[in-house]
Amino acid sequence: MGEVAAELLYGMPAMPLSWPGPDGISGGGGGAEAAGGCGALLAELRQLWGEIGKSREERERTVRELEMECMRVYRRKVDEATAERASLHQSLAAGEAEIAALTAALGADSSPQLKVNKWTMSLNDRVSAATNLLEELRAMKAERSKQFTAIRSEIDKISTEISGRSYGYDNSPRASEFDEHDLTIRRLNEYRARLSSLQKEKSDRLHRVLEHVTEVHSLCDVLGEDFIAIVNEVHPGLHETADPGKPTSISDSTLASLSQVVAMLTSEKTKRAAMLREAVVPLVELWDLMDSPEEERRSFRKATAVLRPAREEALSSGVLSIATIKKTEEEVERLTRLKAGRMKELVLKRRLELESICRSMHVEPDTSTVPEKSIALIDSGLVNPSELMASIDEQIAKAKEEQQSRKEIMDKINKWLLACEEEKWLEEYNLDENRFNTGRIARLNLKRAEKARLIINKIPAMIDNLMSRTLVWETERNKPFLYDGARLVAVLEEHKQARLRQEEERRRLREQKKLRTLFSEKEAMPHLKRPGSSFGRATEPCNMSRKRVDAAPPSVRSSSGSSGSSGGGAADPFRPRSSAAAGSGAGHCGEFFRSGGAKRLSAAAPFNYVAVSKGGGGGGGLSSSMMS
């Protein structure tokens, strides 16, 4: 038996009881207090047993019972401690297993590790450390799962929009399932990369959809079609009035449908543009033909933009609508009916335009469309007025083309005619007895005479240049160059021969003048006279001629040799009648103008100068174009 039983049975002093401490090690103040309390109770129990007179057997039996009861209490406490230790080990193992799973799911590189020393730390401390780490890892997992859920939800939403499985999306979409055992940063980055790729594809698709929608809107605006109705056939969420809560459809089917709509509208635009162009071309021709006022043209100005291919993309709203095309066609029909009633007037107007062009070229217009004949044909109904108008337009086009080709030669002709005018003026100026008077007009006429002489000296070169250029023109076009019904080369050749004849007459006059001068000088010398000589028989006429020469004004005598004319002197017996006639108009072009050879060239450009007065000296300025 134990110390307690020995004390109770034999009265022996009991040894101090040692109670295990909290750490399982005996001793300490707690054990002493417990021993003191038990000793008092044992002493009281022994006293009571002595008073009662308990026998040894009874006392032994009671002590055994007491020991057994103590053993049960101790066993219960040991079992409880063992169970608690096992529970702590189980909790620690479960925590460590969960920590390992979370660490594997989150990634060992980005997860905190459990750092405990099982030799120096109690189970409670180790469980507490594991519990804290679990809470941290669970929070990280929840946050990582939330990120995965958000990214996967966005991926599913964009994938749904691209695939076109639904027209919209729920405000809180259910994320697709993902592997919760792989929440690592690497996996998260893969999801982010996939999301970024989908977002880029969505942006590209959205840009393409917006481009198609904008193009459809532009085409519908030009064609006058209902944009909303056409877009709703593709997808109801593509126009501005759609539900703002729904996203814009970017599926393959939507893009394909939009592409088909754009192609269809573009084809329709090309077709309608051709229809409108077919209506606008005759409309513009009728405007020009009938001189329609600007008020009538203004309402169709936008439609005429189809005639300018460079600006076809900038057509105004509704230009290619069915109503606009129909309105243009109706206007063409109205003008066509109006043209039939005004055809005579239009034919005469075109004929006058043709005659004006031919008159500027000094050629005869085509006689097949003279006004009288054209009106008679229209009245008789033998000719379609439109065909007659087309014939006149063709003649006008040819006349304009020929006018452009004759322009250089016509300019040279005008310069030549102006030079001839200056030559004629110089002839009249040389016949004026008062040309040397003092005064401003006399000085101006004198300057003009000097310039005229320079121009007259260029006339032969002008004629040669004009003839060569005309011959080149005739060779290129294989037809003669006509001027007022005559061939210009023949007229120039005639004028050239006339000038040569005039030069010959001038040469004869100069020789006769020298003979007269020589005869006068010999007559003035008496010692040279001999009776019966031929000079003696012709004394009287020579004396009369000498007296007329001496009686002439000094200015006339001084200029008679240079100007080629005696300036109003009487006829001389040594001068032939043809020479006298030429002397009255000593200019190179005088005989040509008076003989009628230049009447066909009478339509020269006007020339401004001050006319010479027969009573007194007059003058004018010379055109600067003649000096060029």
Side-chain angles (χ1 to χ4, degrees), residues 415-436 445-467 490-522 541-542 544-546 548-599 601 612 614 622 626:
K415 290 183 179 181
W416 170 56
L417 292 177
L418 291 177
C420 291
E421 289 289 339
E422 286 298 302
E423 188 178 28
K424 183 178 179 181
W425 176 85
L426 185 59
E427 291 175 2
E428 298 176 355
Y429 176 75
N430 289 333
L431 296 176
D432 184 16
E433 297 179 355
N434 300 321
R435 63 182 181 277
F436 295 108
N445 285 336
L446 184 59
K447 291 182 179 180
R448 179 179 175 182
E450 294 175 358
K451 294 180 180 180
R453 291 187 185 96
L454 295 176
I455 293 173
I456 292 169
N457 292 334
K458 298 178 181 180
I459 288 179
M462 286 184 183
I463 295 175
D464 294 338
N465 188 12
L466 184 56
M467 288 182 66
V491 174
L492 294 174
E493 187 64 32
E494 179 184 352
H495 178 64
K496 191 174 182 181
Q497 295 299 327
R499 293 184 66 84
L500 291 176
R501 289 194 297 270
Q502 288 181 3
E503 289 294 335
E504 184 64 24
E505 289 295 330
R506 290 176 182 274
R507 187 182 62 78
R508 292 176 186 175
L509 289 176
R510 287 194 296 269
E511 291 178 358
Q512 290 178 4
K513 186 174 181 181
K514 290 180 181 180
L515 291 175
R516 287 199 308 272
T517 303
L518 182 60
F519 182 77
S520 299
E521 291 176 355
K522 289 181 178 181
C542 292
M544 293 175 64
S545 176
R546 180 177 57 80
R548 285 195 297 270
V549 173
D550 295 338
S555 59
V556 175
R557 284 180 292 172
S558 62
S559 62
S560 61
S562 60
S563 64
S565 175
S566 60
D572 193 62
F574 290 92
R575 195 175 195 178
R577 293 190 178 184
S578 60
S579 300
S584 63
H588 289 282
C589 296
E591 183 179 355
F592 178 75
F593 276 98
R594 287 190 294 272
S595 63
K599 289 182 180 178
L601 307 176
V612 178
K614 294 299 181 182
L622 182 64
M626 297 303 303

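In this structure, Gln512 and Leu509 have side chains that are in contact, with non-hydrogen atoms separated by less than 4.5 Å. For the pair Arg448/Tyr429, no side-chain contact is recorded, criterion being any heavy-atom separation below 4.5 Å from C-beta on.
The minimum heavy-atom distance linking Trp416 with His495 is given by the pair CZ2-CD2, 3.4 Å. What you find for Met467 and Leu492 is that their closest heavy atoms are CG-CD1, 3.4 Å. When all heavy atoms of Ile459 and Cys420 are compared, the closest pair comes out as CD1-N, 4.4 Å.
Judged as a salt bridge (Lys or Arg N to Asp or Glu O under 4.0 Å), and not counting sequence neighbours, the contacts of Arg507 are Glu504, Glu511. Judged as a side-chain hydrogen bond (donor to acceptor under 3.5 Å, both in side chains), and not counting sequence neighbours, Glu450 has no contacts. Partners of Lys496 under the salt bridge (Lys or Arg N to Asp or Glu O under 4.0 Å) rule, at least two apart in sequence or in another chain, are Asp464. With sequence neighbours left out, the side-chain contact (heavy atoms from CB on, under 4.5 Å) criterion links Asn457 to no other residue.
Once rounded to the nearest 0.5 Å, the distance linking CD1 of Ile455 with NZ of Lys451 reads 8.5 Å. Residue Leu431 holds its CG atom at 8.0 Å from CD of Glu428, rounded to the nearest 0.5 Å.
For the side-chain hydrogen bond (donor to acceptor under 3.5 Å, both in side chains) with Glu505, the lone residue among Arg508, Gln502, Arg501 that qualifies is Arg508.
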